[in-house]
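See structure below.
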Amino acid sequence: MSKEITIAVMGQPNVGKSTLFNVLTGRNVHVANWPGVTVERHEGWRDYRNRRLHFVDLPGIYGLSASTLEEVIARSYLVSGGPDVVLVLVDSTIPERTMYLALEVLELFPKTIIVLTKSDLAHPQGIHINPHVIERKLGVPVVMVSAATGQGVNELLETIVRVSESIIGRRNPLKIDYDELEPFIRSVEEIVSKTSLAKDFPIRWAAIRLLEGDIDLESRLRKRGEEEALRKIAGIREEIRSILRQRPEEVFAQKRFNYLMDIVRESIARIEKTKMGVHERFDKIIMHPIMGPIISFLILLILFTVVFTINTGFPFNILLDSMGLSDAASIVEEYSLAGLMDKAISLLGEYIAYTLEGSPEWFVSLVVDGIIGGVGAVLVFLPLIFLIALMLAILEDSGLAPRIAVSLNYLLNKIGLSGHAVFPMTLSLGCNVPAVMATRATPNYRERIRLILTIPFIPCQARLIVILAFASALTGLGSVALVLFSYIGAFLVFAFISKLLITYDRRKGLYEEPELLLEIPPLHKPLPKVIWWLTWDSVRHFLKKAGTIIFLVTVIAWAMLYYAPSLEPAVEPGDSIGAGIAKIFAPLLYPLGLNYDQAWMIAYALIIGFLAKEAVVGTLAILAGTSSASEAIRVIGLSDPQIAGLTMFSVLYVPCLATLAVIYSESRNLKLTLIAIAIMLSVAYLVSLVTYSIIALFS
Amino acid sequence: MPPIPLDQLPPGTRARVVNVYAPGRWNYRLLQMGVVPGGIIEVVINNGVGPIVIRVMGVTLSLGRGIARRILVEPLR
């Protein structure tokens with residue numbers, strides 16, 4: 001392969017960028033991070049006419065101001081000399097707005113191609129675009145493509161090659177005439193040419209940006225001690241403001257849009273539709289203050305009930321059980337995805353144990369309990385992660401997701417959250433792992449951190465199993481009361497800790513009122529191809545990032561339970577390193593009225609529950625030598641108040657290793673992960689003590 | 001007509017943007033999204049509570065009331 005051409009792919013959110021990226025690269029993709037930051041960088045390759053086309057997908061941005069991290073990444077990539085050619089994607093159905101980014105890019109980078117996406121949709125919507133007029137006006141090639149039909153893709157590849165070889169396209173950045181601002185631009189150009197910015201950026205571009213109050217360029221000047229230039233520029237900004245009675249950044253944006261409108265007027269013909277469509281009527285209902293939340297709740301309830309039922313059988317099995325169909329209930333449970341996965345893993349373990357017969361015992365245990373157990377711990381999450389990713393992809397691609405966020409925004413504001421928190425909160429009832437992953441969509445960084453810290457308090461399905469097991473040891477109404485109490489208590493803790501973190505942020509001056517600014521794309525039937533890509537991206541992310549951590553720690557945990565402190569295999573579970581650790585922590589449980597023997601067994605079960613919450617139940621049974629948890633609780637001799645206290649502890653302390661792993665992989669912040677653990681452990685301990693004491697007082 | 005905050009505008013009204021006073025980075029985002037002084041916007045949904053929905057340059061946007069309050073507009077007849 002001879003020549004490599006690097007092509008940056010840019011576009012505003014919702015213009016169909018990832019779809020076109022996937023079509024261009026045929027999913028031949030590599031995911032990494034932009035240097036120094038946690039924003040993902042997708043790269044893909046394609047061979048075309050003896051050249052290797054190397055596509056780099058830049059984050060979706062609205063413009064090139066420095067107001068978000070993504071914008072800073074995009075423009076420093078453009079000036080770094082990285083790309084040979086830039087594609088700016090413009091949505092054919094909303095060309096006026098989405099071409100704004102193209103203008104800002106052209107002011108910085110000449111070898112640009114404008115790609116009009118969704119070209120198959122423009123015509124039916126009464127929009128007719130003449131690409132040649134845009135081409136003539138801006139001096140850059142314009143290609144119309146449709147990722148859905150594949151039309152225009154070959155023409156685009158050909159254009160990329162020709163632009164990279166300077167056969168067609170611009171040689172210099174676009175120069176927009178800013179009329180009355182030009183003298184000011186010239187003054188700033190003069191100042192900039194004497195600063196260190198002159199060698200990193202085109203001077204006119206830097207001058208315009210500085211007039212717009214660009215925080216990135218300003219901080220570069222400040223860092224290099226060029227305060228004098230900064231002061232002069234601030235003076236010029238002030239001058240514009242007093243003469244035009246408008247902030248410079250507004251005037252510039254206005255001029256760019258005027259420039260754009262001139263182009264649009266000559267290149268685009270539009271047949272206005274006046275009739276209110278089905279979609280508009282649906283929007284009025286789903287964003288209605290009363291109907292909206294109700295419909296949104298219903299959509300979420302139905303979707304996630306289906307997902308959870310496919311995954312574990314719950315809550316459908318309970319429903320069948322209460323109707324007296326306990327056989328049907330156990331069938332639903334057995335043939336749920338998690339049930340089948342569980343069975344497959346234990347069968348695999350048995351088979352491997354059989355083939356390894358004759359090998360040393362520790363080796364068999366390492367392979368079967370450690371490695372297969374570790375792989376199993378990752379795989380058990382896989383169906384749920386997959387199904388939830390699929391649901392979210394459908395909500396996202398159809399355009400339903402932003403509408404649900406809008407309709408629930410008002411309610412969530414009441415507890416200091418914005419509409420963006422809807423999905424993490426709903427998901428966490430099923431599993432905290434995808435919930436923490438879903439906080440990515442929250443634009444406010446502090447709001448996201450608060451969500452990550454509080455979401456683990458919402459009981460997931462695994463904790464429901466523990467709650468039900470403890471409840472089964474109680475009689476009559478007591479068991480129902482315990483289940484209700486656990487959920488209400490957990491949500492109260494969630495809201496309370498949220499409030500506490502908001503107070504903390506407020507004191508530190510980090511708090512911003514939760515705000516919403518969302519684009520609402522038109523509703524449409526989701527494309528299966530796109531759904532699959534979105535789903536697979538989340539699943540791969542989970543397997544790579546969280547999966548490796550879960551696997552490693554499971555193997556370490558195996559070693560701690562298999563070996564005694566002497567590094568000989570432990571004869572009884574009570575002799576292992578793990579049990580030794582449990583015995584150290586046992587005194588902490590004395591305030592719950594437990595004696596030494598009870599306390600270490602419970603502590604041991606809770607430590608195991610650290611790996612996976614549902615394991616608390618099984619471990620108690622093993623330690624007590626019984627076959628069921630309720631029997632085990634009776635053998636250990638726990639009183640009702642103790643059961644209630646321990647249930648609350650199980651619900652609130654670290655949900656599982658996997659959740660910690662994603663908290664770390666999402667935040668890349670060890671300190672935050674440790675803080676999360678500390679908060680969860682202390683809250684769980686406190687709440688369980690309070691619960692125990694209050695109930696003990698009344699019984 | 002004197003300029004009024006965007007959140008006071010009933011659904012179905014069209015208006016010309018006079019000024020945008022949103023805090024910090026919201027300001028740039030609004031400008032990039034086409035909410036620029038002189039631009040025409042149309043209110044699609046405004047229920048008095050909760051986010052309002054507007055159309056600008058062919059795109060539907062939802063704004064929290066805190067942001068909407070800081071956009072001054074001149075209603076068009």
Side-chain angles (χ1 to χ4, degrees), chain A residues 12 14 61-68 71 91 93-98 100-101 104 127 212-213 215 246-247 249-254 256-258 260 270 280 283-284 287-290 292-293 402-403 405-411 413 418-419 512-522, chain B residues 3 5-7 9-74:
Chain A
Q12 292 193 345
N14 302 317
I61 49 176
Y62 288 98
L64 288 181
S65 73
S67 57
T68 65
E71 293 181 355
D91 188 333
T93 61
I94 37 171
E96 295 89 339
R97 217 293 297 290
T98 52
Y100 184 80
L101 176 68
E104 292 212 334
I127 301 165
E212 290 183 83
I215 45 171
Q246 256 185 333
R247 278 173 296 182
E249 58 266 34
E250 283 180 12
V251 188
F252 276 104
Q254 213 174 332
R256 275 187 207 112
F257 274 112
N258 286 344
L260 206 54
R270 207 184 262 276
E280 279 91 348
D283 277 357
K284 292 247 180 223
M287 289 187 267
H288 185 269
I290 296 157
R403 288 169 170 82
V406 168
S407 73
L408 293 176
N409 182 67
Y410 180 67
L411 288 176
N413 274 182
S418 70
E512 281 176 38
E513 285 297 327
E515 269 303 351
L516 193 80
L517 178 50
L518 266 182
E519 192 173 326
I520 309 209
Chain B
L6 176 59
D7 68 325
L9 228 53
T13 340
R14 279 152 52 85
R16 187 186 307 278
V17 179
V18 175
N19 224 326
V20 184
Y21 289 105
R25 57 206 168 84
W26 297 118
N27 189 46
Y28 284 101
R29 178 56 54 80
L30 284 167
L31 293 175
Q32 293 167 343
M33 285 180 148
V35 184
V36 283
I40 307 289
I41 58 175
E42 183 189 346
V43 178
V44 180
I45 298 175
N46 183 357
N47 298 309
V49 291
I52 85 164
V53 177
I54 62 171
R55 274 185 88 72
V56 50
M57 301 206 170
V59 184
T60 311
L61 294 182
S62 171
L63 320 174
R65 299 199 87 76
I67 293 180
R69 208 173 298 135
R70 292 186 175 88
I71 300 171
L72 280 185
V73 296
E74 203 176 12

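We name chains A, B, ... by the order of the sequence lines, and we start the count at 1 in each one. Computed from a predicted structure; not experimentally measured.
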Kindly indicate, with the supporting measurements, whether the criterion side chain to side chain contact (heavy atoms under 4.5 Å, CB included) is fulfilled by Arg247(A) and Asn27(B). CA-CA 11 Å; Arg247(A) 278 173 296 182; Asn27(B) 189 46; 3.7 Å; yes

Quick one: pull up CD in Gln32(B) and CD in Glu249(A) and give me the separation to the nearest 0.5 Å. 11.5 Å

Top contributor to chain B contacts, counting heavy-atom pairs under 4.5 Å, from Glu71(A), Gln246(A), His288(A), Gln254(A): Gln254(A)

Arg97(A) and Val56(B), any side-chain heavy atoms less than 4.5 Å apart: no

What part of Arg403(A) lies closer than 4.5 angstrom to a heavy atom of chain B: side chain, backbone, both or neither? neither

Just one of Leu518(A), Asn409(A), Asn413(A), Leu517(A) clears the side-chain contact (heavy atoms from CB on, under 4.5 Å) bar with Pro51(B), so which one? Asn409(A)

Keeping the roles fixed (side chain from Asn47(B), backbone from Met287(A)), state whether a donor-acceptor pair exists under 3.5 Å. yes

Would you compute the distance between atom CD1 of Ile520(A) and atom CD1 of Ile54(B) and round it to the nearest 0.5 angstrom? 10.0 Å

Just verifying a value: how many Å separate Arg29(B) CZ and Tyr62(A) OH, rounded to the nearest 0.5 Å? 6.0 Å

CG/Leu516(A) to CH2/Trp26(B) distance, rounded to the nearest 0.5 angstrom? 7.5 Å

Please state whether the side chain, the backbone, both or neither of Val53(B) comes within less than 4.5 Å of a heavy atom of chain A. side chain

Quick one, Val44(B) and Glu280(A) - any side-chain contact, counting heavy atoms below 4.5 Å? no

Is there a side-chain contact between Met57(B) and Phe257(A) in this structure, where contact means two heavy atoms from C-beta onward sitting under 4.5 Å apart? yes

Check Ser65(A) against Tyr28(B) and note the closest heavy-atom contact, atom names and distance. CB-CD2, 3.8 Å

With a 4.5 Å cut-off on heavy-atom pairs, point out which of Gly64(B), Pro37(B), Gly58(B) contacts chain A the most. Pro37(B)

Donor-acceptor contact below 3.5 Å, side chain Glu515(A) vs main chain Gly66(B): yes

Side chain / backbone / both / neither for Leu408(A) at chain B, heavy atoms under 4.5 Å: neither

With chain A, which of Leu30(B), Leu31(B), Ile45(B), Leu63(B) has the greatest number of heavy-atom pairs at distances under 4.5 Å? Leu31(B)

